[in-house]
Amino acid sequence: MKIEGGGDAVQLLILLGGLTLIPALIFCTTGFTRILIVLGFVRTGLGTPTAPPNQVLIGIAFFLTLFVMAPTLKAIKEDAVDPLTSHQISDKVALERAEEPLREFMFKQTGNDELELFLGLAKVEKPKTREDVPTYVLIPAFITSELKTAFEIGFLIFLPFLIIDLVVSSTLMSMGMIMLPPSFISLPFKILLFVLVDGWSLVFQSVVESFH
């Protein structure tokens, strides 16, 4: 007996399964990871582990990611989504076209050392051009580069807060106030400094410009 609509059911099942991979796709092929880690460093440097809360940081990172990825998303829409919805190209062609702008973005943010590392781990013959680099090699190399860049930015952000902590700690020790936690005194100074220099704007500007 032939089951009608079986093909549609399989396609729907595949589509639902693919939707579960969207968060991983956002984390691993966009600037989301770098932005979120940098924001986490800011919160840790300030010494306010619950302000802003995780939900707020994730929301900020998500919309900053949309801002950074706007040119790439626009290219994907024009080259792949619009022709697909107007039935000008097939699903396979649309996927290939959508992959090109995303690969171009990842190549711009991926260091040569990281790319060579994963090419060696995958035991892939050294490609002559970027088009010859497999996507499954490019993605982990991109993630590694993002982590490296995020921690470099985080280190620079962390330094001013560390200096304030050291100054406050040394001052308290010289005054013999050993029992008073240095973080209790340094926290207001760090927040005041961050507000006076318009810290959030500087952080957002720095992290966005790091993608250019």
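Quick caveat: nothing in here was measured; it's all calculated off a predicted structure.
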- Message: According to a hydrophobic-cluster definition based on side-chain heavy atoms being under 4.5 Å apart (Ile, Leu, Val, Met, Phe, Trp, Tyr only), do Val208 and Leu73 belong together?
- Response: yes

- Message: Within a 6.0 Å radius of atom CZ on Phe107, are there more than 12 heavy atoms belonging to other residues, nucleotides or ligands?
- Response: yes

- Task: Quick one: do Phe204 and Leu39 satisfy side chain to side chain contact (heavy atoms under 4.5 Å, CB included)? Show the steps, please.
- Result: CA-CA 9 Å; Phe204 294 160; Leu39 294 179; 3.8 Å; yes

- Would you call Phe194 and Trp200 a side-chain contact if the rule is heavy atoms closer than 4.5 Å? yes

- Item | Residues Val38, Ile157; criterion side chain to side chain contact (heavy atoms under 4.5 Å, CB included); working and verdict | CA-CA 8 Å; Val38 169; Ile157 290 174; 3.6 Å; yes

- Message: Please verify the inter-ring angle class for Phe105 with Phe211; under 30° counts as parallel, over 60° as perpendicular, anything in between as tilted.
- Response: parallel

- Task: Measure centre to centre between the rings of Phe41 and Phe151, then say whether the value is under 6.0 Å.
- Result: yes

- For Arg97 against Asp79, the heavy-atom pair lying closest together: CD-O, 2.9 Å

- Could you pull out the closest heavy-atom pair between Tyr136 and Ala122, with the gap in Å? CE1-CB, 4.3 Å

- Message: Looking at every heavy atom in both Cys28 and Phe142, which two are closest together, and how far apart are they?
- Response: O-CD2, 3.2 Å

- Is it true that a side-chain atom of Lys190 and a backbone atom of Gly45 form a donor plus acceptor pair closer than 3.5 Å? yes

- Query: Does Thr72 reach the main-chain N or O of Leu102 with its side chain, forming a donor-acceptor pair under 3.5 Å?
  - Reply: no

- Going from CG on Leu196 to CD1 on Ile191, what distance comes out if it is rounded to the nearest 0.5 angstrom? 12.0 Å

- Message: Check this for me: Asn112, atom CG, are more than 12 non-hydrogen atoms of other residues, nucleotides or ligands nearer than 6.0 Å?
- Response: no

- dist Ile35:CD1 -> Ser210:OG (nearest 0.5 Å) comes out at 7.5 Å

- Query: Hey, quick one: are Leu162 and Val42 part of the same hydrophobic cluster, counting side-chain heavy atoms closer than 4.5 Å, chains of contacts allowed?
  - Reply: yes

- Message: Give me the atom names and distance for the closest heavy-atom approach of Ala80 to Ala94.
- Response: CB-O, 3.3 Å

- Is a donor on one side and an acceptor on the other found under 3.5 Å between the side chain of Arg103 and the backbone of Val133? yes

- Between CG on residue Leu147 and CD on residue Glu152, distance to nearest 0.5 Å: 11.0 Å

- Task: Decide yes or no on side chain to side chain contact (heavy atoms under 4.5 Å, CB included) for Phe161 and Thr44, but give the supporting numbers first.
- Result: CA-CA 9 Å; Phe161 300 125; Thr44 303; over 6 Å; no

Identify each donor-acceptor pair in which a side-chain atom of residues 54-66 lies under 3.5 Å from a protein atom, sequence neighbours left out, and give them as a table.
| residue | atom | partner | partner atom | Å |
| --- | --- | --- | --- | --- |
| Asn54 | OD1 | Arg43 | NH1 | 3.0 |
| Asn54 | OD1 | Arg43 | NH2 | 2.9 |
| Thr65 | OG1 | Ala61 | O | 2.5 |

- salt bridge (Lys or Arg N to Asp or Glu O under 4.0 Å) against Lys74, all qualifying residues, sequence neighbours excluded: none

- Kindly determine whether Thr135 and Glu99 satisfy side-chain hydrogen bond (donor to acceptor under 3.5 Å, both in side chains), including the steps that lead there. CA-CA 9 Å; Thr135 302; Glu99 190 179 14; 2.5 Å; yes

- Task: Would you mind listing every salt bridge (charged side-chain N to carboxylate O under 4.0 Å, His left out) that reaches into residues 203-212, with sequence neighbours excluded?
- Result: none

- Note on the structure: Output for pair (Leu46 CG, Leu187 CG), nearest 0.5 Å, gives 8.0 Å

- Message: Checking Asp165 against Phe189 for the side chain to side chain contact (heavy atoms under 4.5 Å, CB included) test, could you report, in this order, the C-alpha distance in whole Å, the side-chain angles of both residues, the deciding distance, and whether it holds?
- Response: CA-CA 9 Å; Asp165 285 333; Phe189 287 102; over 6 Å; no

- Message: Give me the atom names and distance for the closest heavy-atom approach of Thr144 to Glu114.
- Response: CG2-CG, 3.7 Å

- Which heavy-atom pair separates Met106 from Leu138 by the least distance, and what is that distance? CE-CD2, 3.8 Å

- Item | Distance in Å, Thr110 OG1 paired with Lys148 NZ, rounded so as to fall on 0.5 Å steps | 11.5 Å

